[in-house]
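Notes follow the structure.
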Amino acid sequence: MSPWSWFLLPTLCLLPASAAPRRGAPASADCELQPQQSELNSFLWTIKRDPPSYFFGTIHVPYTRVWDFIPDNSKEAFQQSSIVYFELDLTDPYTISALTSCQMLPQGENLQDVLPRDIYCRLKRHLEYVKLMMPSWMTPDQRGKGLYADYLFNAIAGNWERKRPIWVMLMVNSLTEVDIKSRGVPVLDLYLAQEAERLRKQTGAVEKVEEQCHPLNGLNFSQVLFALNQTLLQQESLRAGSLQIPYTTEDLIKHYKCGDLSSVIFSHDSSQVPNFINSTLPPQERVTAQEIDSYFRQELIYKRNERMGKRVKALLEEFPDKGFFFAFGAGESQVTSDGTLGSDAPPTGGNAEVGPW
Ligand SMILES: *[C@@H]1O[C@H](CO)[C@@H](O)[C@H](O)[C@H]1NC(C)=O
Ligand SMILES: *[C@@H]1O[C@H](CO)[C@@H](O)[C@H](O)[C@H]1NC(C)=O
Ligand SMILES: *[C@@H]1O[C@H](CO)[C@@H](O)[C@H](O)[C@H]1NC(C)=O
């Protein structure tokens with residue numbers, strides 16, 4: 001694998017700086033100033049058995065941004081566990097190629113043939129703008145690591161004309177200045193996967209690529225067009241300077257550092273899809289936005305939790321004497337404050353213990 005090949009991770013693994021409304025209290029800066037071990041919040045849950053097993057909530061942000069704020073007990077739990085499970089095995093080249101092909105239009109189709117002319121032209125114009133801006137968005141640190149704007153643009157958007165519109169929408173969402181600045185360091189879940197490999201732990205995944213990808217491909221055409229149109233409108237206002245994205249990756253990092261579950265859980269930022277519900281939308285469009293939102297909640301949160309919960313339970317039952325470490329997205333797995341994976345799917349029959357450790 002080339003050093004930058006993880007950039008080719010499909011958009012599913014990127015964090016769109018979406019327009020999701022702020023949820024919960026604003027992050028307090030205090031927990032950034034006092035990284036005392038005893039005061040750190042934890043995204044670790046212990047499953048009481050011998051040896052113990054753990055759930056750990058990860059996020060898709062560069063691990064260097066949050067690593068120092070992850071308490072030692074979580075790192076020790078990872079070290080001690082002999083088996084580490086992820087949602088998907090991101091170190092497996094098959095996973096990456098399957099995700100990539102799942103995002104493609106059927107053979108012979110092109111976005112230009114699929115999209116209305118107006119949307120296609122706005123999309124093309126926007127991507128030309130991003131390409132032009134990219135060198136100025138990159139940090140000296142990124143350039144120092146040999147990361148070039150052309151390379152990065154091509155890695156993220158190179159094949160855009162062949163992608164399904166829903167994936168182009170997610171891609172556009174991740175092509176913002178803030179998100180570009182955070183490229184070049186593995187995201188936390190990928191970093192853990194690389195560490196698990198380096199430490200020769202047994203690894204596995206509870207989901208199949210198709211299970212993550214197909215639900216997104218299941219929105220109908222008018223819904224997808226709506227989503228893409230809204231995304232472009234938002235980016236166009238950003239470009240014109242008339243809009244500030246209200247909820248950014250930076251906020252998510254702050255909430256994670258502060259262990260502020262209510263803000264991380266269930267946020268669209270962590271389930272990777274933007275929220276289009278916008279109070280200024282005309283009524284009919286608001287209905288469409290609501291429909292898209294409930295579709296995603298159903299497919300990407302509820303159904304998925306249930307599926308993942310069942311698999312976790314089966315693994316724990318099949319290997320009662322093994323210590324597992326399950327590293328799942330804090331948002332996707334919808335870890336609730338009582339330590340279960342969502343009310344629908346207590347992964348261990350409800351005996352997962354909440355921190356503090
Ligand atoms: C797409 O789905 C929505 C909601 O289920 C429905 O109202 C609409 O008619 C569908 N549109 C098409 C083109 O199938
Ligand atoms: C895009 O959205 C705007 C505002 O909601 C609407 O006026 C316009 O007709 C939409 N364009 C397309 C092609 O759907
Ligand atoms: C809400 O929707 C309107 C109309 O589509 C758009 O002009 C505005 O920028 C949107 N606001 C946000 C925060 O996305």
Side-chain angles (χ1 to χ4, degrees), residues 11-12 16-22 102-131 133 157 160-176 179 210-248 266 268-269 271-307 332 344:
T11 334
L12 196 67
S18 77
R22 208 174 265 280
C102 190
Q103 297 179 3
M104 292 297 160
L105 285 166
Q107 197 76 41
E109 278 184 33
N110 221 296
L111 267 186
Q112 193 163 8
D113 318 321
V114 173
L115 292 177
R117 200 179 139 70
D118 162 66
I119 299 257
Y120 175 82
C121 293
R122 283 163 55 210
L123 174 63
K124 197 166 155 69
R125 218 175 304 137
H126 181 66
L127 292 175
E128 278 161 7
Y129 163 84
V130 168
K131 191 168 184 172
M133 295 305 288
W160 68 272
E161 302 232 22
R162 287 275 304 122
K163 283 194 182 185
R164 291 174 187 270
I166 185 77
W167 295 98
V168 165
M169 183 277 290
L170 291 171
M171 182 192 87
V172 168
N173 249 304
S174 72
L175 281 168
T176 58
D179 280 33
E210 297 72 29
E211 290 167 338
Q212 283 213 354
C213 185
H214 286 173
L216 279 155
N217 291 345
L219 275 185
N220 75 27
F221 189 61
S222 49
Q223 290 168 324
V224 172
L225 268 194
F226 172 83
L228 184 56
N229 186 24
Q230 290 300 313
T231 301
L232 286 170
L233 285 172
Q234 197 191 355
Q235 295 298 323
E236 286 156 359
S237 338
L238 264 178
R239 256 157 62 191
S242 61
L243 173 75
Q244 290 248 304
I245 290 191
Y247 191 102
T248 65
F266 225 67
H268 281 260
D269 297 79
S271 67
Q272 316 294 307
V273 289
N275 186 351
F276 302 108
I277 303 172
N278 164 343
S279 53
T280 62
L281 282 177
Q284 189 45 50
E285 300 196 340
R286 208 134 125 210
V287 170
T288 307
Q290 290 281 7
E291 280 168 2
I292 295 176
D293 190 66
S294 26
Y295 176 84
F296 281 149
R297 272 173 195 257
Q298 188 63 29
E299 295 294 325
L300 299 183
I301 301 182
Y302 300 126
K303 283 192 188 168
R304 192 152 168 232
N305 280 348
E306 196 176 337
R307 202 166 60 220
E332 293 99 295
D344 298 340

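We count residues from 1, following the sequence as given. Order of appearance sets the numbers: ligands from 1, and atoms from 1 within every ligand. Values reported hereafter were calculated over all heavy atoms of this structure, with side chains retained and with hydrogens, waters and symmetry mates removed.
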Quiz prompt | Distance, nearest 0.5 Å, that separates NZ of K163 from CE of M169 | solution =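 Atom-to-atom, K163:NZ and M169:CE are 12.0 Å apart.
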
Self-check item: Spacing of CZ belonging to F296 relative to CZ belonging to R304, to within rounding of 0.5 Å
Solution: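 Between atom CZ of F296 and atom CZ of R304 there are 12.0 Å.
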
Quiz item: Nearest heavy-atom pair of F226 and E285: which atoms, and what distance?
Solution: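 Where F226 meets E285 most closely, the heavy atoms are CZ-O, 3.5 Å.
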
Practice problem: Give the minimum heavy-atom separation between D113 and G108, together with the two atoms involved. | Solution: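 The answer is OD2-O, 4.3 Å.
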
Exercise. Kindly determine whether L115 and L225 satisfy side-chain contact (heavy atoms from CB on, under 4.5 Å), including the steps that lead there.
Key: CA-CA 8 Å; L115 292 177; L225 268 194; 3.8 Å; yes

Practice problem: Starting from the C-alpha separation in whole Å, work towards a yes-or-no answer on side-chain contact (heavy atoms from CB on, under 4.5 Å) for L127 and M171. | Solution: CA-CA 10 Å; L127 292 175; M171 182 192 87; 3.8 Å; yes

What atoms in ligand 2 come closer than 4.0 Å to a heavy atom of [X]?
| X | value |
| --- | --- |
| L233 | 2 (O), 3 (C), 4 (C) |
| D118 | 13 (C) |
| Q230 | 5 (O) |
| N229 | 1 (C), 2 (O), 3 (C), 8 (C), 10 (C), 11 (N), 12 (C), 14 (O) |

Going by the atom numbers of ligand 1, which of them fall below 4.0 Å from some non-hydrogen atom of [X]?
| X | result |
| --- | --- |
| N220 | 1 (C), 2 (O), 3 (C), 8 (C), 10 (C), 11 (N), 12 (C), 14 (O) |
| E291 | 3 (C), 4 (C) |
| Q223 | 2 (O), 3 (C), 4 (C) |

Exercise. Considering only protein heavy atoms, determine whether one is less than 4.0 Å from atom 11 (N) of ligand 1.
Key: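 Protein heavy atom within 4.0 Å of atom 11 (N) of ligand 1: present.
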
Quiz item: Hey, does Q235 have a side-chain heavy atom less than 4.5 Å from the side chain of T176?
Solution: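 In contact.
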
Self-check item: R307: which of E211, E210, E299 passes salt bridge (charged side-chain N to carboxylate O under 4.0 Å, His left out)
Solution: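 Only match with R307 under salt bridge (charged side-chain N to carboxylate O under 4.0 Å, His left out): E211.
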
Exercise. Determine whether any heavy atom of L225 lies closer than 4.0 Å to an atom of ligand 2.
Key: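 L225 does not count as a contact of ligand 2 under the 4.0 Å cut-off.
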
Quiz item: Has ligand 2 got any nitrogen or oxygen that is less than 3.5 angstrom from a nitrogen or oxygen of E285?
Solution: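 For ligand 2, there is an N or O atom that lies under 3.5 Å from one belonging to E285.
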
Practice problem: Kindly confirm or rule out an N or O of S222 lying under 3.5 angstrom from an N or O of ligand 1. | Solution: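 The answer is yes, given that S222 and ligand 1 share an N or O pair closer than 3.5 Å.
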
